[in-house]
Number of protein chains: 2
Amino acid sequence: MAARASSKTSESSDKVSVICRALRRAIIEQALEPGAKLPEDALGERFGVSRTIARHALGQLAAEGLVELRRNRIAVVATPSWQEARDAFDIRIELERLVVRQLAGKLTKAQIAELNAHVDAEDRARGGTDAVSIRLATEFHILLAHMTNSPILVRYVSEVAYRCCLTLSLYSRPHSTECAINEHRAIISALAKGDAAKVMELMHHHLDSVANRALVAPTPQRGRDLLDILAPYADEVTSNRVIKLPKVARRS
Amino acid sequence: MAARASSKTSESSDKVSVICRALRRAIIEQALEPGAKLPEDALGERFGVSRTIARHALGQLAAEGLVELRRNRIAVVATPSWQEARDAFDIRIELERLVVRQLAGKLTKAQIAELNAHVDAEDRARGGTDAVSIRLATEFHILLAHMTNSPILVRYVSEVAYRCCLTLSLYSRPHSTECAINEHRAIISALAKGDAAKVMELMHHHLDSVANRALVAPTPQRGRDLLDILAPYADEVTSNRVIKLPKVARRS
DNA sequence: AGCGCTCGAATTGCATGCAGTTTGGGCTCG
DNA sequence: CGAGCCCAAACTGCATGCAATTCGAGCGCT
């Protein structure tokens with residue numbers, strides 16, 4: 001059976017969910033960079049809701065690991081450490097191996113067509129911005145997860161994939177999406193053939209190479225976040241004023 | 001290296017988190033059964049906070065899958081379907097294999113002692129209620145996850161383990177905790193020996209057998225939640241009044 | 001008795017208000 | 001010229017109030 005009983009995902013259409021979706025998308029498209037401030041009333045104003053709702057949305061996103069919430073402090077887009085990025089990818093590999101294991105040989109023709117259509121879209125977007133390519137690539141993986149019809153698996157794969165997106169914007173060098181697209185195609189065809197072992201191996205290699213291509217080595221020896229992030233800029237500072245970090249989203 | 005940099009878990013000490021912890025515990029100890037109602041103001045009153053806070057807490061727990069939230073409807077403790085229970089265990093197996101893979105041979109003597117102490121506690125609790133045994137067993141797995149020092153892994157393992165707890169209270173027959181305890185000990189010793197493949201196999205088998213022991217077959221053919229849940233009680237009803245389902249936490 | 005309807009009580013969705021904390025710009029002083 | 005202090009503005013933590021929706025007990029009808 002390729003399809004179990006359909007089940008709607010938890011996120012319906014109340015205002016909180018709408019804001020969550022909007023912010024999530026803004027984050028993974030890097031419109032909001034890691035560290036960007038997210039004041040409750042600015043969000044509320046922007047989305048036409050009260051602070052209560054914005055706050056609630058931030059709480060949800062914090063639960064997903066996309067924003068960081070510290071008591072009495074303004075919320076910011078999460079800034080995962082390099083180690084957390086690696087951890088996220090490790091988890092992601094296991095989860096997605098599970099996805100393709102469940103899916104191998106179980107896909108309907110329609111589902112395979114849907115997957116191919118998605119990769120076609122990725123192909124067409126190759127000319128566009130990096131952000132869109134990354135989003136589409138991520139959505140391919142989430143689409144796969146959906147096809148398992150396991151809401152829990154969908155949730156976890158989505159979450160960890162978004163997290164990985166976030167880290168890519170932190171640690172990646174401008175990377176070519178070419179091979180990723182080819183690997184997506186290979187995965188689809190192996191899924192269609194029903195070779196579970198092969199497709200698990202493909203997925204493993206795919207994610208591993210994305211991680212390795214993207215996550216450049218852990219910077220000499222990370223002492224603690226801010227200090228060594230700023231280290232490369234230290235020499236500039238000696239002969240110059242400290243550069244003020246860019247802020248985000250002031251009200252009009 | 002057995003220990004990475006320590007990192008505090010996200011859940012600090014604001015009122016929302018306190019309520020979350022309390023409810024989580026109540027749920028996994030089956031003080032709150034699946035389906036139990038969780039009205040916002042009852043919770044608020046019980047914990048001495050406003051509805052706003054109770055509501056926020058419910059949102060967090062919903063994100064973890066422990067409660068179900070439907071628009072304009074009273075929140076209830078989640079009632080996972082049998083299929084969701086299986087899915088949760090499948091995911092859990094993969095995640096915890098990852099945990100022990102990372103841990104094999106990397107544990108300090110102190111950590112091993114801590115694990116053994118925990119299992120001793122499980123042992124001592126064998127006389128107590130099922131609920132406590134289940135909680136302790138779950139906490140053993142979470143303790144393992146903590147030792148990876150990967151906050152993300154901790155979060156996912158905890159979540160999915162709690163979920164599994166929840167399903168156990170739905171679908172399990174009264175089970176013996178004996179073998180589980182022995183299996184925990186076996187896992188510890190394999191971890192200490194550093195045999196990654198062995199300990200992954202042990203963990204896999206452990207969780208699989210817990211799932212199989214606990215999750216009794218999917219009841220003939222599940223049509224929809226309520227109907228077949230009530231099926232076994234149907235005969236009582238014919239000759240008797242309908243038994244009112246227990247409600248939760250009325251105000252004093 | 002069983003079934004459907006109606007209306008008040010219970011409950012949620014959301015905005016607003018107030019108090020306490022953090023932030024950062026300017027002023028003073030070394 | 002730079003370091004430290006101070007205070008107002010910005011922001012969060014939380015409670016409360018009001019409108020909209022759901023729930024369920026009772027009533028009437030069959």
Side-chain angles (χ1 to χ4, degrees), chain A residues 10-20 22-23 35-63 67-77 226 237-252, chain B residues 10-20 22-23 35-62 67-77 226 234 237-252:
Chain A
S10 57
E11 202 142 284
S12 51
S13 65
D14 50 322
K15 303 196 181 184
V16 172
S17 308
V18 171
I19 297 180
C20 277
L23 286 179
K37 294 182 180 177
L38 302 169
E40 293 173 0
D41 29 10
L43 294 179
E45 192 174 335
R46 191 69 191 78
F47 289 104
V49 299
S50 81
R51 232 164 36 80
T52 307
I53 303 306
R55 179 184 184 75
H56 201 98
L58 287 173
Q60 298 292 306
L61 292 173
V67 319
E68 281 166 13
L69 237 39
R70 277 148 63 217
R71 187 177 171 90
N72 277 323
R73 289 217 165 60
I74 200 169
V76 296
V77 176
L226 189 66
V237 173
T238 59
S239 62
N240 209 326
R241 293 279 305 281
V242 174
I243 297 123
K244 190 168 268 182
L245 291 167
K247 305 192 175 173
V248 88
R250 282 263 51 82
R251 64 198 55 174
S252 61
Chain B
S10 57
E11 201 143 286
S12 51
S13 65
D14 50 323
K15 303 196 181 182
V16 172
S17 308
V18 172
I19 296 180
C20 277
L23 286 180
K37 292 181 183 178
L38 302 168
E40 293 173 0
D41 32 10
L43 294 179
E45 191 174 337
R46 190 71 191 76
F47 289 104
V49 298
S50 81
R51 230 165 38 80
T52 307
I53 304 306
R55 180 182 184 74
H56 201 96
L58 287 173
Q60 297 293 306
L61 293 172
V67 320
E68 280 166 14
L69 235 40
R70 276 149 62 216
R71 188 179 171 86
N72 278 323
R73 290 218 162 60
I74 200 169
V76 296
V77 176
L226 189 67
V237 173
T238 58
S239 62
N240 208 325
R241 291 278 305 280
V242 172
I243 297 124
K244 188 170 270 183
L245 290 166
K247 301 192 179 176
V248 91
R250 284 261 51 85
R251 62 200 57 174
S252 63

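Keep in mind it's a predicted model, so treat the numbers as computed, not measured.
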Apply the side-chain contact (heavy atoms from CB on, under 4.5 Å) test between Val16(B) and each candidate in Leu58(B), Ile53(B), Thr52(B); give the one that qualifies.
Ile53(B)
Partners passing side-chain contact (heavy atoms from CB on, under 4.5 Å) against Ala54(A) (at least two apart in sequence or in another chain)
Leu43(A)
Value in whole Å for how far the C1' atom of dC14(D) lies from CZ of Phe47(B)
17 Å
How close or far is atom P of dA9(D) from atom CG of Asp41(A), stated in whole angstroms?
16 Å
For Arg55(B) and dG13(D), what is the distance between atoms CZ and P respectively, to the nearest whole Å?
18 Å
Heavy-atom side-chain contact between Arg73(B) and Glu68(B) under 4.5 Å
no
Between C1' on dT12(D) and CG on Leu38(A), what's the gap in Å once rounded to a whole number?
14 Å
Return the minimal non-hydrogen interatomic distance between Leu69(A) and Ala62(A), and the atom names on each side.
CD2-CB, 3.7 Å
If you measure from CZ on Arg51(B) to CD on Glu40(B), what distance do you get to the nearest 0.5 Å?
5.0 Å
Can you tell me how far C1' of dA10(D) sits from CD of Glu45(A), to the nearest Å?
13 Å
Starting at atom CD of Glu68(B), determine the distance to atom C1' of dT12(C), rounded to an integer number of angstrom.
17 Å
Value for CZ (Arg46(A)) from CG (Leu23(A)), rounded to nearest 0.5 Å, stands at 11.0 Å
Without decimals, in angstroms, what is the distance between Leu58(A) CG and dT12(D) C1'?
11 Å
Can you build the contact string for nucleotides 16-23 of chain C? Use B for base contact, S for sugar-phosphate-only contact, and - for no protein heavy atom under 4.0 Å.
BB---SSS
Nearest-Å distance for atom pair CD1/C1', residues Ile53(B) and dT12(D)
11 Å
